[in-house]
Amino acid sequence: MKYLFAALAPALLAIASPALAAPKQGDVVIRHVTIVDVEAAKTVAGQAVVLKGDDIVAVGADAVIAKDWRAARTVEGKGRYLIPGLWDMHVHFGGGPELIDENRALLPLYIANGITTIRDCSGDLPEQVLAWRSEIASGSLFGPRLLTSGAKIEGIAPVWKGTIEVGSEADVDAALDRLKTRDKVDFVKITDSTLKPELFLYALTKAKALGLRTSGHIPMALTVDQAVDAGISSIEHLDYAYNAGAKDEAAIAADFAAGRIDRAEANRRLDAGFDRDTAMAAYRRFAVKGVFVTPTLNGSRIIAYLDSDDHSKDAGLAYIGPKLRKTYDWRIERAAKADAAGIATRHKQIEDIATILPMLAEAGVPIIAGTDAGFLNSFNYPGFGLHDEIELFTQKGLTPAQALASATRAGPAWFGWLDRYGAIKPGMAADLVLLTKNPLEDVAATRAIDTVVMRGAVQDRAALDKMLADTRAKVAAWNAAAKP
Ligand SMILES: [Zn+2]
């Protein structure tokens, strides 16, 4: 009883004498701003938001907040729209140890583009990325919050470098143990260039039992449902989700597993066998099982149209160092080898695949924005690419609110962190982006960035422009030094 009274006493005092209540102190206040409630797909005008340290501590009508709070810094939000920080849930770092500096120089590009969190889906520099994750968290390296899979799980002698190669269940157990206990990864990435299909399923099941989320590429010898049943948490790239729509998917997987057809023939039959009802039934199962899909649609589109799109004057090239630029050649050369029929097939496939985006949304599957930006993935520019991705989502049938949710709420939802990220209310992280246009009218407004707040630190337009200019200067110097 005594404790209850002690807790009530200050409240009673405040009611009795409001004039005595001193204003509360925050670090930053954003005033007269329109808050975008992404979850409800609506705006709330005339608000103020108070930040203290890494946290949002108060949100409310501007006049009320102005009376109750003081802050060391005021950001004027009149005529502007405030959204939660953006998340790019599929990026890569890599290209070999000589490319560490050029990869590190990509980090500020994310912040300059309003991206406060990135999910690294593995490359060939896993130790480096794990070190960056700690350095960013401790404040000694400037960059967005970095979540990483560490080294990905693969079969023996895969096409990818820097992986953990597994050839047996015991190998999978050891790999997961290392990822969980030594590397403390944020999730597990599994790809299938040489991984045995049964080990792919074993790794999904085992990771889930250990409490680790999984994401990856599904082997052609398996049906998508087999991966879903084994507990895959997110399917990367829309084409894998598309395959679940083929009526005879199981027969195609079996023919591929038995070596009766090659990958190209399997893809041709999957495309020909696509059926809307089959697909919707599969996507409803995804939704029930809590499987998310990261389309990386813009990345696939760029690769599909390498034959006809001229990228030589892309503004993004000014941010890509010469060694990273060299990693683009792999895909460019591969695309150049295709004949006219191959190119036509590639174009048709990407257009067909994109049609499932609104179907996934209709089925209730959470869609995650991720770019696939990084080494190898030519002309897919870190930071800038996320805006391209979500704009493409709206062109392919999502509403601006759905597209915005894919880049602000789907990432936190996947990690189970919606109590901390993805909305603007007290107790949430002070990761925010102030826009000069309304993203619910046109999601391209996410490019119109006035200010970015990253863990409570305010980066105004001048600071963001300086980040971009600094990276361009670094790249220009590397380019000059690389000239023979
Ligand atoms: Zn990727």
Side-chain angles (χ1 to χ4, degrees), residues 87-96 99 103 106-107 109-110 115 117-126 128-129 144 146-155 158-164 185-195 200 213-220 224 227 232-243 291-304 306 316 320 324 327-328 330-332 334-335 349-350 353-354 367-386 388-390 392-393 406-407 410-411 414:
W87 290 44
D88 186 337
M89 285 282 285
H90 194 126
V91 310
H92 295 287
F93 296 100
L99 275 69
N103 276 276
L106 302 175
L107 292 169
L109 298 178
Y110 288 105
I115 297 158
T117 302
I118 55 175
R119 182 181 68 153
D120 162 62
C121 288
S122 187
D124 56 15
L125 298 169
Q128 190 61 57
V129 175
L146 176 50
L147 305 167
T148 179
S149 62
K152 65 182 155 198
I153 294 180
E154 250 293 359
V159 58
W160 310 110
K161 296 196 181 93
T163 62
I164 307 179
V185 297
D186 299 289
F187 70 106
V188 175
K189 175 91 184 273
I190 312 169
T191 57
D192 70 322
S193 90
T194 60
L195 183 62
F200 180 85
R213 287 177 176 76
T214 47
S215 111
H217 300 176
I218 300 164
M220 187 68 91
V224 176
I232 195 166
S233 323
S234 77
I235 296 174
E236 306 306 305
H237 316 304
L238 208 52
D239 41 345
Y240 292 98
Y242 180 78
N243 293 350
V291 178
F292 289 47
V293 173
T294 316
T296 68
L297 188 56
N298 189 52
S300 302
R301 188 195 61 79
I302 293 167
I303 292 166
L306 276 177
I320 304 298
L324 271 174
T327 69
Y328 286 3
W330 179 59
R331 291 211 195 277
I332 297 167
R334 195 178 62 172
Q349 270 173 351
I350 184 69
I353 287 167
I367 295 167
I368 306 177
T371 55
D372 217 0
F375 73 116
L376 297 177
N377 293 336
S378 38
F379 313 115
N380 187 341
Y381 302 106
F384 305 94
L386 190 72
D388 299 331
E389 180 75 4
I390 59 177
L392 190 57
F393 284 178
S406 76
W414 190 72

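Only this structure's heavy atoms are used, side chains among them; waters, hydrogens and symmetry mates stay out. If you read the sequence from its start, that first residue is 1, and numbering goes on from there. Whatever order the structure lists them in is the order used to number ligands and atoms, beginning at 1.
For the Zn ion (ligand 1), protein N, O or S atoms under 2.8 Å: 3 in total.
Between the side chains of D372 and N380, no donor-acceptor pair is found at a separation under 3.5 Å.
For T117, the side chain to side chain donor-acceptor pair (under 3.5 Å) partners at least two apart in sequence or on another chain are R145. Under the side chain to side chain donor-acceptor pair (under 3.5 Å) criterion, T191 pairs with E154, sequence neighbours left out. By the side chain to side chain donor-acceptor pair (under 3.5 Å) test, H237 is found to be paired with H217, T296, residues two or more places apart in sequence or in another chain being considered.
Shortest non-hydrogen contact noted between A151 and G162 is CB-O, 3.5 Å. Residues T294 and A369 come closest through the heavy atom pair CG2-C, 4.4 Å.
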